[in-house]
Amino acid sequence: MARTPAPAPSGDELLKVLAALGNPHRLRIVAALHEGRNYVSRLAREIGMSRPLLHMHLQRLEAAGLITGSLELSEDGKAMKFYEVVSFRYELTPELIEEVARTLGDGDGEPEGEPPGKDKAGTGKPETVKEEAT
């Protein structure tokens, strides 16, 4: 029986996936999780990364739909967050790029629904937005 191909992602979804995979730390995390599900502390030790930094990368990967996390209780009652890779496959072709480009947001570099000038760096100060002359 032939498999039905998955629908093409939207342009914004594809950008989110590519951005998530465009970081060497996140590529290592996906590779490590491909070997099997793991919890945060063990994964941090295995890849040599601090837990806070690992959490940030895991959040990006989860937001892109590449991994999934679940809370579980250990035998001693301790809450542990386990992550695993979600099966995914993207075939990038010029035709796909043309198709998803038509579905991109407004192109201002801001995720849809976020106002320009939102504090991206976590400094507490909004980012300055420069208007281009027309």
Side-chain angles (χ1 to χ4, degrees):
M1 184 162 150
R3 279 186 10 178
T4 305
S10 72
D12 294 324
E13 290 168 341
L14 183 60
L15 284 176
K16 190 180 279 192
V17 167
L18 293 174
L21 292 174
N23 180 288
H25 295 299
R26 291 194 282 271
L27 282 177
R28 288 185 191 101
I29 292 166
V30 171
L33 290 173
H34 182 258
E35 295 173 10
R37 64 193 293 267
N38 208 342
Y39 62 94
V40 173
S41 295
R42 185 187 315 153
L43 184 59
R45 284 191 301 273
E46 288 177 1
I47 62 176
M49 184 180 292
S50 72
R51 286 189 322 198
L53 183 58
L54 177 60
H55 271 288
M56 188 264 312
H57 288 301
L58 289 168
Q59 287 173 344
R60 282 275 179 92
L61 290 166
E62 194 169 24
L66 300 171
I67 65 170
T68 186
S70 60
L71 264 178
E72 297 180 18
L73 289 177
S74 66
E75 291 178 10
D76 62 357
K78 185 174 158 185
M80 300 170 69
K81 183 99 181 221
F82 280 84
Y83 285 92
E84 60 189 322
V85 173
V86 173
S87 180
F88 63 88
R89 178 184 174 103
Y90 293 92
E91 184 176 346
L92 295 178
T93 63
E95 293 80 15
L96 176 69
I97 301 298
E98 180 182 16
E99 182 180 339
V100 301
R102 290 188 214 114
T103 68
L104 288 171
D106 59 12
D108 67 358
E110 301 286 340
E112 288 192 289
E114 291 197 25
K118 182 174 184 256
D119 176 21
K120 294 179 187 168
T123 62
K125 299 177 185 171
E127 185 179 53
T128 304
V129 178
K130 295 180 182 177
E131 295 290 325
E132 291 184 31
T134 54

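The first residue of the sequence shown is numbered 1, and numbering continues consecutively from there. Every heavy atom of this structure was used, including side-chain atoms; hydrogens, water molecules and symmetry mates were not. As the structure is a computational prediction, the values presented were derived from the model and not from experiment.
Put simply, Leu58 and Ile47 are part of the same group of oily side chains (I, L, V, M, F, W, Y) that touch within less than 4.5 Å, one to the next. Residues Ile67 and Met56 are members of one and the same hydrophobic cluster, defined by side-chain heavy-atom contacts under 4.5 angstrom among Ile, Leu, Val, Met, Phe, Trp and Tyr. At a threshold of 4.5 Å between side-chain heavy atoms, the hydrophobic network of Ile, Leu, Val, Met, Phe, Trp and Tyr places Val85 and Leu61 in one connected group.
Taking 4.5 Å as the limit, every side-chain heavy atom of Glu91 sits out of range of all side-chain heavy atoms of Leu96. Annotation: side chain of Leu18 is in contact with side chain of Leu92 (closest heavy-atom distance under 4.5 Å). Within the 4.5 Å cutoff, the side chain of Glu46 has heavy atoms near those of the Asn38 side chain. Looking at heavy atoms from C-beta onward, Arg45 lies in side-chain contact with Arg42 at the 4.5 angstrom threshold. Side-chain contact between Asp12 and Leu104 is present, with heavy atoms from C-beta onward closer than 4.5 Å.
Although no hydrogens or angles enter the test, the distance criterion places a donor-acceptor pair under 3.5 Å between the side chain of Thr103 and the main chain of Gly11.
Looking at every heavy atom in both residues, His55 comes nearest to Val40 through NE2-CG1, 3.6 Å. Counting all heavy atoms, side chain and backbone alike, Ala79 lies closest to Leu71 at CB-CD2, 4.3 Å.
For the atom pair Met80 CE and Ser70 OG, the distance stands at 11.0 Å (nearest 0.5 Å). Here the straight-line distance linking atom CG of Leu43 with atom CD of Glu35 works out to 10.0 Å at 0.5 Å rounding.
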Ile97 and Leu14: CA distance, side-chain angles, deciding distance, side-chain contact (heavy atoms from CB on, under 4.5 Å) verdict = CA-CA 9 Å; Ile97 301 298; Leu14 183 60; 4.3 Å; yes

Just do the side-chain contact (heavy atoms from CB on, under 4.5 Å) check on Leu21 and Leu66 with the steps written out, would you?
-> CA-CA 9 Å; Leu21 292 174; Leu66 300 171; 3.7 Å; yes

Just distance, no hydrogens or angles: give the donor-acceptor pairs under 3.5 Å from side chains in residues 26-33, sequence neighbours left out.
unit_1 : atom_1 : unit_2 : atom_2 : d
Arg26  : NE     : Ala20  : O      : 2.8
Arg26  : NH1    : His57  : ND1    : 2.9
Arg26  : NH2    : Ala19  : O      : 3.4

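Counting heavy atoms of neighbouring residues, nucleotides and ligands inside a 6.0 Å radius, atom NZ of Lys16 does not exceed 12 of them.
Note on Lys78 versus Glu72: no salt bridge recorded, every NZ/NE/NH1/NH2 to OD/OE distance being 4.0 Å or above.
Residue pairs meeting the ring-ring contact (aromatic ring centres under 6.0 Å, His included) criterion with at least one member in residues 71-93, sequence neighbours excluded: Tyr39-Phe82.
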